[in-house]
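Order of the sequence lines fixes the chain letters, A, B, ..., with proteins taken first and strands second; residue numbering starts at 1 for each chain.
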Protein chains: 2
Amino acid sequence: MLQMERENRGAPAGVVAADSLESVRDIFIRQWGAMGSQWGVNRSMAMIHALLLVSPEPLTTDAIMAELAISRGNANTNLRELVDWGLVYPVLVKGDRRDYFVAEKDVWRIFCIVARERKRREMEPAQKVLEDCVRRSGSLEGAEAEAMHAQLVRLSEFVGTANGLMDKLARAERDRILPNLMRVL
Amino acid sequence: MLQMERENRGAPAGVVAADSLESVRDIFIRQWGAMGSQWGVNRSMAMIHALLLVSPEPLTTDAIMAELAISRGNANTNLRELVDWGLVYPVLVKGDRRDYFVAEKDVWRIFCIVARERKRREMEPAQKVLEDCVRRSGSLEGAEAEAMHAQLVRLSEFVGTANGLMDKLARAERDRILPNLMRVL
DNA sequence: CCGAACTTTCAATACTTACTGAAAGTTATG
DNA sequence: CATAACTTTCAGTAAGTATTGAAAGTTCGG
């Protein structure tokens, strides 16, 4: 553990002089957390996910709270959300009543989960809105109404196609699909 | 314009009895605006985009403000953002000093613009963070550090591949790419 | 079925982001 | 180059989200 000896000595706050396991993990967690906002995921959820992603062993709620300096309520809520998504699994450790948590480590599975969730939250509502408006505008008369209807139809058809492709992609096996995609694109 | 005669008579607030061009447009705009939050776009920007998407004619800032009941500052800021993205074009109308705005109507182009922007805001920062952490953790010793490094490498490689595919997809021609995708998936 | 260990909930609060409107800035035209 | 028409900026405020921490709820072992 030579690395730990030369960590962060005399450097300004927030700047790391050299890298230990802990410092790299902290950098990863903090940066990933900061990116959460861009991804529509809250900071705590992103940080918990990052921590578990690089932790080989399951962690308890208390360990997570301590590592990330967040409250119990916050840790609990976001852990449940991550478990709901399927990105984190609760595991039982023999001889301990507490819940432990591990992250799904397989990158392709993570991708499929995120793709599925985004489709559900972003694409499906859009498709529903568009189909509703297409239906409502179908019987209108006049050039302006018909132009609007035509535009709505184009949008609706595109989103429908994209949704279908998304579905197939997220259901496909990694090794079956990736080579084909590389070839086509 | 028969339709306008049977719009929204005696119905509870927010409920539309039958559809006119205006009512369908309003439904579309409001729903699209509400969805904006899910998409990481603010409500006003989404509503302006929706309005322009279904308006065959260019509109002035004032027309947009009036139609959506938003302030001048808000309209101005979000119009500029939409123009920056390339989703809306400013156009000059002869004999009028005011700026007029039209939306890009081609669905495939809209998709490419959104894909490019999302890649820039979501994928590229992730790739950068991951590459940085991979580099930092590469020289660490010990089983735990090596497990973390390996996980970071898997994430980094995946995001790199996804980024490359995204690029090619957004640069491809619609008619060249869609049939191939349908076949592969 | 009691008490201890642990988990969940939720009202209060802190933080973040979006919006307004008025004032400052810019540009076209007589 | 003065004025009027239009656009941009920005400080203040409103609206929306995330987080805390303490209280209530649950479960397990004895």
Side-chain angles (χ1 to χ4, degrees), chain A residues 29-30 32-52 58-85 88-102 117 121-122 125, chain B residues 29-30 32-52 58-85 88-102 117 121-122 125:
Chain A
I29 290 169
R30 268 188 283 167
W32 205 254
M35 273 180 26
S37 38
Q38 294 300 327
W39 280 74
V41 174
N42 77 53
R43 215 167 47 94
S44 303
M45 187 168 157
M47 289 197 302
I48 294 172
H49 189 218
L51 170 58
L52 290 173
L59 299 177
T60 61
T61 301
D62 289 84
I64 293 166
M65 287 164 59
E67 179 74 33
L68 304 179
I70 61 176
S71 74
R72 184 172 301 282
N74 192 4
N76 182 264
T77 305
N78 287 298
L79 277 167
R80 259 184 316 112
E81 183 106 21
L82 284 165
V83 170
D84 271 359
W85 280 44
V88 166
Y89 308 112
V91 301
L92 297 171
V93 170
K94 201 160 80 174
D96 196 331
R97 276 178 57 186
R98 290 174 297 176
D99 279 354
Y100 282 75
F101 299 93
V102 240
E117 187 64 21
R121 296 202 304 176
E122 300 177 358
Chain B
I29 290 169
R30 269 188 283 168
W32 205 255
M35 272 180 25
S37 37
Q38 294 300 325
W39 280 76
V41 174
N42 77 54
R43 215 169 46 95
S44 303
M45 187 166 155
M47 289 196 303
I48 294 172
H49 189 219
L51 170 58
L52 290 173
L59 299 178
T60 62
T61 302
D62 289 84
I64 293 166
M65 287 165 58
E67 179 73 35
L68 305 178
I70 61 176
S71 73
R72 184 173 300 281
N74 192 7
N76 182 265
T77 304
N78 286 299
L79 277 167
R80 259 185 315 114
E81 183 106 21
L82 284 165
V83 171
D84 272 358
W85 280 42
V88 165
Y89 309 112
V91 301
L92 296 171
V93 169
K94 202 161 79 173
D96 195 332
R97 275 179 57 184
R98 289 174 298 176
D99 279 354
Y100 281 75
F101 300 93
V102 239
E117 188 64 20
R121 296 202 305 175
E122 298 178 359

All N/O pairs under 3.5 Å across the protein-nucleotides 12-16 of chain D interface:
none

With 3.5 Å as the limit, what N/O pairs link the protein to nucleotides 26-30 of chain C?
residue : atom : partner  : partner atom : Å
dT27(C) : O2   : Arg97(B) : NH2          : 3.1

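Listed by chain and number, the residues in a side chain to side chain donor-acceptor pair (under 3.5 Å) with Arg97(B) amount to none (sequence neighbours excluded).
Close to dT7(C), at under 4.0 Å from its OP1 or OP2, lies no side-chain N or O of Asn76(A). One finds a side-chain N or O of Asn42(B) lying less than 4.0 angstrom from the OP1 or OP2 phosphate oxygen of dC19(C).
Computed from coordinates, the Asn78(B) CG to dT20(C) C1' distance equals 13 Å when rounded to whole Å. If you measure from atom CG of Asp96(B) to atom P of dA4(D), you get 19 Å, rounded to the nearest angstrom.
Contact record, Gly33(A) with Arg43(A): O-CG, 3.4 Å, taken as the closest heavy-atom pair.
Counting any heavy atom pair closer than 4.0 Å across all strands shown, Ser44(A) reaches sugar-phosphate atoms only and no base atom. Note on Arg80(B): only backbone sugar-phosphate atoms sit closer than 4.0 angstrom, heavy atoms only; bases stay farther off.
Heavy-atom distances under 4.0 Å link DNA chain C to no residue of residues 58-65 of chain A.
The overall bend of the helix from dC1(C)-dG30(D) to dG30(C)-dC1(D), read as the angle between its terminal helix axes built from five base pairs each, is 20° when rounded to 10 degrees.
Within the structure, every pair that satisfies the salt bridge (charged side-chain N to carboxylate O under 4.0 Å, His left out) test and touches residues 67-82 of chain B, not counting sequence neighbours, is listed here: Asp62(B)-Arg72(B).
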